[in-house]
Structure formats: C-alpha cells, structure tokens
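Below is one structure; the comments refer to it alone.
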Amino acid sequence: MACSAAAGAKGTALLFRRPAPSSIAGRHRLPVSRRTRHRNLWTGVQPPQKSTPSANHRNRASIQRDRAAASSDEEQQQKYEDENGLLNIQLEDLVGMIQNTEKNILLLNQARLKAVERADRILKEKDALQQKIDILEMKLSETGIQSEVSTEGKTDAEGLEFDVIKEENMLLKDDIKFLKATLIEITETEERLFKLEKERALLDASLRELECTFIAAQSDMLNLGPLQHDAWWEKVENLEELLDSTANKVEHAALMLEGYHDFQDKVEKLEASLGAAKVSELCLHLVGLLQQRVKSVEERFEACNHEMHSQIELYEHSIVEFHDTLSKLIKESEKKSMEHYAEGMPSEFWSRISLMIDGWSLEKKISINDANTLREMAWKRDNRLREAYLSSRGMEDRELIDSFLKMALPGTSSGLHIVHIAAEMAPVAKVGGLADVISGLGKALQKKGHLVEIILPKYDCMQHNQINNLKVLDVVVQSYFEGNMFANKIWTGTVEGLPVYFIEPQHPGKFFWRAQYYGEHDDFKRFSYFSRVALELLYQSRKKVDIIHCHDWQTAFVAPLYWDVYANLGFNSARICFTCHNFEYQGTAPAQDLAYCGLDVEHLDKPDRMRDNSHGRINVVKGAIVYSNIVTTVSPTYAQEVRSEGGRGLQDTLKVHSRKFVGILNGIDTDTWNPSTDRFLKVQYSANDLYGKSANKAALRKQLKLSSTHASQPLVGCITRLVPQKGVHLIRHAIYKTAELGGQFVLLGSSPVPHIQREFEGIADQFQNNNNIKLLLKYDDALSHMIFAASDMFIVPSIFEPCGLTQMIAMRYGSVPVVRKTGGLNDSVFDLDDETIPVELRNGFTFLKADEKGFDSALERAFNYYHRKPEVWKQLVQKDMKIDFSWDTSASQYEDIYQRAVVRARAGA
C-alpha cells in the first residue's frame, strides 16, 4: 500500500475556531469546536453516560494509563530540552493557566466536601423522620385494636362517634402514605446529590486528563518534523474531542442542577394537599417538621447549585485560555519544524528523493549528468533539496524538476554507492535469514552515510502493505533472454527507509506470478532472468555504482554477467561482492542453461570458471566465487568449515580464492527484536527490570494451556524449521529430556519434508494431554516473540549452522542458549563452564558432538544452574540481554572490505 509522496510536503492545516460562550442552563456553555471524525482516535472518549462505580473505575484506569504514557513522553522530552527555547513564553502562559485551573479544582473539592457534609445531615434527619413515622403507625395500630374491642359494648350513638373517629384514622393513614411518598422523594433527591458529586469528580478527572494530554502534545511538538504532521494533527483532534467530551460532562452537571428548581413546586403541592385534608394535630405537627426539613434541603441545594455554577464558569474560562495557548504553540511548532529541521529528516525522506531523481533519469526527464549531481546532493542530504521539496506543494512535476536543476552543482561524496541485488528482503519478501540480512545490513550501512539501494523481483505474493509510496515508473526496460528482448516494468518504493526497485517481467512465463518465492521447476530460468534485468536497469540508469552486492545462488549470475557482458559496454565502475548464506544450495544446472541469460557457455564451462567440481554441470555459486572481487559468508567459523567438508564440493575453489574470502557474523535488527518496546509482548521489560519476563512466561502458559502450578518451573523454547540441518533427532530428544528433568517445552516450527512433519505430528498427538509440552507445527511471528520472552532456555542443536539468528534473539530476550558448537553458534555462544574463555564472554551452554549424550550434558548443566544457583542464573540472563548483536559491528566490517576493494579499483584505473 503506497503512502503519501512525502510526509510533511502535504501536511493538512488544522484550524482552531475561537469559541464563543453559549448558554448552559442559563449560564456559559463550554467553548469547544466540533468536527466530524473520519477515523478512530486513540482517546476512546464516549458520550456522557450515567455514572456508575464501574464507570468511574474505568475512567480512573484510563487516566492512569494516560498518565503513564505522558510520563514516558516526558522522559523522551528531556532529550530535546535544548530545542525548547522557542516555546518558553507560551509554556509560561500555559503554566499560569494550569495553576489557575488547580485553584478551581481546589474550590470544587471544597464544594464537594460541603455537599457530602450536607448529605450526611440529610440522612440523619431522614432516619429521625422514619422513626417518628414508625411510632405513629404503631399508635394507629393500637387505636384500631381498641376500637374493635369497644365496639361490642357501645350504644348506637357511641357507634356513630366511633365511625367519625374511624374516618379520621383513615385520613390519617392516607396522610402517612403521602408522607412516606414524600420521604421517598427526599431519598431520591439525596441520590441525585451523590450523582452530582460524581459528576464533579468526573470533571476533575477530565481536567487532569487534559493536563496529561497537553504534556504529551508538548513533547511531540519538540520532536515534530514535516513527516510527522499527520500524526500531530490527529493528536490535536484527539485533544479537541476530549474537550468536547468534557464540555458535555459539564453541561450534563449543569442540567442536573437545573433539575432541582422544580423541587419547590413539589413542596408547594404537598402544602396544598395538607391544607385540603383534615388531619389530626399530631399529623400536622409532623408535616410541619417535614416542611422545615424540605425547605432546609432546598436551601442547601440552591447553595450547592450556585457554587457549582461558579466553578463551572471558572473552568470554562480556564479551557478558553488553554485553547488559545495551545493554538499559539502549534503555530510556533509549525514555524520551528520548517525552519530548523534539516539533519533530523529520516532516511526514508532522502530515499524517496533519491527514487524520484532516478525516476526522472530513467524517464529521460533529466540528463544523466544532472541526475548524478542531484543524487550526490541527496546523498549528502543537502538542505537545499529538502527545502525545495517541502515547498513544492501544488507544483507540477516540471516545475519541481526545474527547481531542483537550479541547485545542481558538481560535488563529491565520501560515502559509497552500494546496490544489493537479492531474492528476499524483510519484511516484504521473507523466507529465511537472507531477508533479514538485506534489510538489517542495508539500514546499518545507510546510517553510516552510504547510499544504499535494493533491487528485488516484484513477486505477486509479497507484502505490498509493507512498501511505502509504491509506484510504477513511466519507463520500460528491455532485456535480453533466450534470444529475444523482453519488456520489464520498474516499480519503486521505500522499505524500512531504504529505496527499493521492484522488477516486473513482461515475459510469457510469468516468472514471479507463482504465489510463492521459491520451489518452481524453472527457478534457474526465473532468477537468471532477474539477474540480467537488474544489471540492465543499472546500466540504463547510468549510475556510478561503487559496490554491487549479490546474495546466494539466485543472484550469483550477476558476477559473470557483469564482467563478461556489461563491463564490455562501459559499465565497469563497480566492484562485485558475493555472499553465500548457505553452501548447501549452489544452483547447479546443465551447462547449456547458462545461454538463457546471454552468457557464453563455451567460455564458462571450464574447471577454473563455472563447471561444478563434482560433475559435468555448471555451478553458479562457483562462478560467483571466481568472478567476484569480494566473497563472504555469514560467520568466521562457517568460513573455516566450508574450506573443508562443509564446502559441499567447493572447498578447493574457496582455497584457491581464499585471499578474497572472509566470514562476517550477521547481526540482528535490534529495533524489531527489543523486549523493552516489543508490541507483541504482554509486558515490556529490560535487563534492569526482569519482572516483565516472568509476566510473559505466565501469559504464554495461559495462552498455550500449560501448567502454572510451579511458577519457577523452567521453560525451554525452540523455534526452527524442522529440516535435517537443524538436528531434528536432537530436537525430538530434547522434548523427552526436558520432560524427564521436570521442565516445560514449547516448539514452534514446521517441516517441508513430509516424513519429518508426520513424525512431529505424531509426537504432538502423544503429548496432546500433557500440560508441560506443547508442539506448534507452524510459524507464527507474534507467537515467536512471546516464546523468546517467556522461555528460560533456548535450544539450537544444529548439525551445521552458517550463522543462526535465533540464539542471538534469545539472548536479547534473556533466554539462555543451549547450542552445538558449529558455524555462527560457535562465534556467538560461549560455555559458562569453559575456563579457556574469558569470564565476561561466557553466555550459555554448548556441546560438540551431535549426539544425545553431548546434548544431555549441556541441558542438565543449564537446569542445575537454574535450580541451584538462581543468583548466578539471573546475572547470566542480564549479561546476555546486554550483549550488542546489532548490525553496527558487522556493517563496519563490510564497510572496510568495500572501501578496500574500491581503493584497489581506483588505483588500478
């Protein structure tokens, strides 16, 4: 899904209407603007409803959450105190306004206390009246009984007199009923008084919420840049809606107060009824007392009414001040963001500028030289380009091009122009670790000041919603394949802040419209076609690329194509780097298949070039090793292993080219894998606060219906593809061994190998009713985050592992790794009991032989430390979480070998 052309270039202006007072039950109504909302806002404010204890509780919980969010924003605000000078005057006004508001709140609290005292007195008086009524009823009852006894001995005259008395008694009973009804009304009035108190409390809470929201808004304004305007306007609209809601609450409270004006009518009605009735002297006395009490209640309500309206007026005045001050702050923030926002522009902004320039070049709207000059300016993040772009709102494309060309001056850059050509990239097209390397390494190199671009196939099944500003260029790139020229559409977009080109072949074979990335019968043709078009795109764009970095056999064709075809056409400024992420997959095929993409079969089908070392087929990974200037793999230990039996037939070739071959340990994306910010976790945590880890463990147990009887019971995690390389026999054994040791085990992963998948489905059925073992034979990204956070130990018993990322992620989340010493596992995990390793580097448990005995030894030692040395275990967890597995170190190593290759090339030229 495409995003807007440039965040900030088309920011929407939010207009505040200065509110005019209106009547609320004869007094001022709260001045707030109302507008139609077209999207769900975070505040979740609802129309005023009847207050209940549970509603108040939810309100208080919401306020507490907002305060917590505000507190977090305040911490971020400290980083930008130096930039706050522009807002000092407005902030002083705001502080004064908030102080006035606090005084108003104090007055409200005093009114609330008085209302509570009055309510208590009313309750006591009500109880006294009730007692008198009960006594009166008792006397009436006695009178009735006496009347019945005396009736038997009375004369007719006495009987007549008794009838009169009886009638008077009936009237008295009616009066008592009326008094009871009146008492009920008084009780209801008391309830309304309590509701009024609750409404006042809600007003108090709403004001506090406004204060917290403003603090958050203030923090956001300090960080505000053109690309963040949309989010800022949304927060301002949220604040307006909160003001609307508060106004509704105040209005509701005012209407409740006005509702008590009809109370006098009820009292007058009572007096009229009593006047028309013939009642006894005692009853009249009681009614008189009741009238006095009712009058007292009315006077108290009037006093409370007056106080509440006074406070409401003060509150409305405070809101007007708040509204005006906020408007001023927004205007100042807009001015600041446009005048003082140069170096803070995110990488995605400059990637978008770079893609726009390249599009103009490919579409022949600007010359090659002008395109190169403008790229240099974007590369160096020239402020003139930024200002021209941000001021281009409403311009035609030609006008924007002209404004850019006016600033084009010759320049040089100390950074490198690096292009990655690959079959995967996270998160748009991810199958394995290759995708993470492309995005992680690309971002790290970009942060170091290099121009990094990515070229990918445009798969029909890729995650389009992860691409920003996806659009097709008005240009068609023709490329050679199977003796013909085929057209290709070129799409551009940004992914993770990196500029990406997507190639969509217009070939009848529909190479990348297969609903999957790999596994097709013609994969060799598909990716040789893609490699040829990728180089053709670079050639036609006339870019001065320094490094072309290709990955795995799918783009290994790039190396021989570059030197045997395009270098002869004058495109020879770049040096080729090839990375093999796994030597198990080498891309072998019959020799004649090389001719598809235009390579010379006779020239390349030789032992020292592309002929496979084991049979007569050609091997594209071998060709990339031979033709590349730099060859890398993903860890130092794996680089040593593939020079022997681990090379799968290419060990001799690697020995011949050992001077240009190096192993560099991959890193992980520490932004995505960060327990302190991970949105998939129930509770975020850090090395200094491990409470969240136990909370996530409890949450995962509940989610997977694992036993929670023993909170300290260790949980062992495993997230992997179930293939022979990963040591499936040891994973199977680990399930039973964990159960034997009294732990819990969670497996997440599936197998492309049918018999392995069936085997683990059988194990899952076996443990179906076991509340300590759970096998989830699928992949679930959100669940993987929870397993990393919840597990105490994490097993990676691979037969071979070029690099491995899960052991690094596990340590980042405080899960201690239990791994086999091979490949990248050997370069990242060091045994806690190995005295040959410096103590500060020991971070897990390892074993050497890929058998059950070796695995059992490592897992048992881990369990012993967990149970018997809890303090040592806690220190180990904290140390693991603090290890730097980011791409920064790896990127520095790649940067070094890139620069040395470029220097050698320039020296040779």
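Position 1 is the first residue of the sequence; numbering continues from there.
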Exercise for the section: Taking the six-membered ring for Trp and the single ring otherwise, decide whether the centroids of Tyr894 and His549 are under 6.0 Å apart. Expected result: yes

Exercise for the section: Check for a donor-acceptor pair, side chain of Ser361 on one end and backbone N or O of Asp358 on the other, with a separation under 3.5 Å. Expected result: no

Handout entry: Student check: side-chain heavy atoms of Val565 and Tyr480 closer than 4.5 Å
Key = no

Handout entry: Mutual orientation of the aromatic rings belonging to Phe583 and Tyr638 [parallel < 30°, tilted 30-60°, perpendicular > 60°]
Key = tilted

Problem - From CA spacing to verdict: side chain to side chain donor-acceptor pair (under 3.5 Å), Lys622, Thr588 - result: CA-CA 9 Å; Lys622 179 180 178 180; Thr588 61; over 6 Å; no

Handout entry: Min side-chain heavy-atom separation Ile357-Ile366 under 4.5 Å
Key = yes

Handout entry: For Tyr779, ring-ring contact (aromatic ring centres under 6.0 Å, His included) partners two or more places apart
Key = none

Handout entry: Listed partners of Glu424 passing salt bridge (charged side-chain N to carboxylate O under 4.0 Å, His left out), at least two apart
Key = none

Practice task
Flag the pair His417 / Ser573 as yes when at least one side-chain heavy-atom distance between them is below 4.5 Å, and no otherwise.
Solution key: no

Exercise for the section: Give, for atom CH2 of Trp887 and atom CD of Gln893, the distance between the pair rounded to the nearest 0.5 Å. Expected result: 10.0 Å

Exercise for the section: Measure from NZ or CZ of Arg526 to the centre of the six-membered ring of Phe524, then state whether that distance is under 6.0 Å and the direction lies within 45° of the axis. Expected result: no

Practice task
In sequence, state the C-alpha distance, the side-chain angles, and the governing distance for Asn488 and Glu536, and then conclude on side-chain contact (heavy atoms from CB on, under 4.5 Å).
Solution key: CA-CA 10 Å; Asn488 301 274; Glu536 188 68 30; over 6 Å; no

Practice task
Decide yes or no on side-chain contact (heavy atoms from CB on, under 4.5 Å) for Thr492 and Val500, but give the supporting numbers first.
Solution key: CA-CA 6 Å; Thr492 64; Val500 183; over 6 Å; no

Exercise for the section: For the pair Phe481 and Tyr529, name the ring-plane relationship: parallel under 30°, tilted 30 to 60°, perpendicular over 60°. Expected result: perpendicular

Practice task
Please step through side-chain contact (heavy atoms from CB on, under 4.5 Å) for the pair His657 and Val631, ending with a clear verdict.
Solution key: CA-CA 9 Å; His657 297 275; Val631 180; 5.8 Å; no

Handout entry: Enclosure of Gln592 CD (heavy-atom neighbours >12, cutoff 6.0 Å)
Key = yes

Practice task
Output yes when Lys525 and Glu520 qualify as a salt bridge under the 4.0 Å nitrogen-oxygen rule, no when they do not.
Solution key: no

Practice task
Would you kindly check if the NZ (Lys) or CZ (Arg) of Arg648 is within the cone defined by 45 degrees around the ring axis of Phe800 and under 6.0 Å from the six-membered ring centre?
Solution key: yes

Problem - Any donor-acceptor N or O pair under 3.5 Å, side chains Lys544, Asn372 - result: no

Exercise for the section: For Met462 and Ile467, run side-chain contact (heavy atoms from CB on, under 4.5 Å): C-alpha distance rounded to whole Å, both residues' side-chain angles, the deciding distance at 0.1 Å, then the answer. Expected result: CA-CA 10 Å; Met462 67 183 184; Ile467 308 170; 3.7 Å; yes

Practice task
Indicate whether any N or O donor in one side chain lies under 3.5 Å from an N or O acceptor in the other, for Asp669 and Ser439.
Solution key: no

Handout entry: Donor-acceptor pair, side chain of Asp460 and main chain of Ala515, under 3.5 angstrom
Key = yes

Problem - Close side-chain approach of Ile503 to Ile490, heavy-atom, < 4.5 Å - result: yes

Handout entry: Salt bridge flag under 4.0 Å for residues Arg514 and Asp522
Key = yes

Handout entry: Thr579-Thr632 side chain donor-acceptor pair, cut-off 3.5 Å
Key = yes

Handout entry: Phe557 ring center near Phe530 ring center (under 6.0 Å)
Key = no

Problem - pair Trp673-His785: side-chain heavy atoms closer than 4.5 Å - result: yes

Problem - Any residue meeting ring-ring contact (aromatic ring centres under 6.0 Å, His included) with Tyr627, in chain and number order, not counting sequence neighbours - result: none

Practice task
Determine whether Asn666 and Ser635 make a side-chain contact, defined as any pair of heavy atoms from C-beta on separated by less than 4.5 Å.
Solution key: no

Exercise for the section: For the pair Arg900 and Asp896, find out whether any cationic side-chain nitrogen is under 4.0 Å from an anionic carboxylate oxygen. Expected result: yes

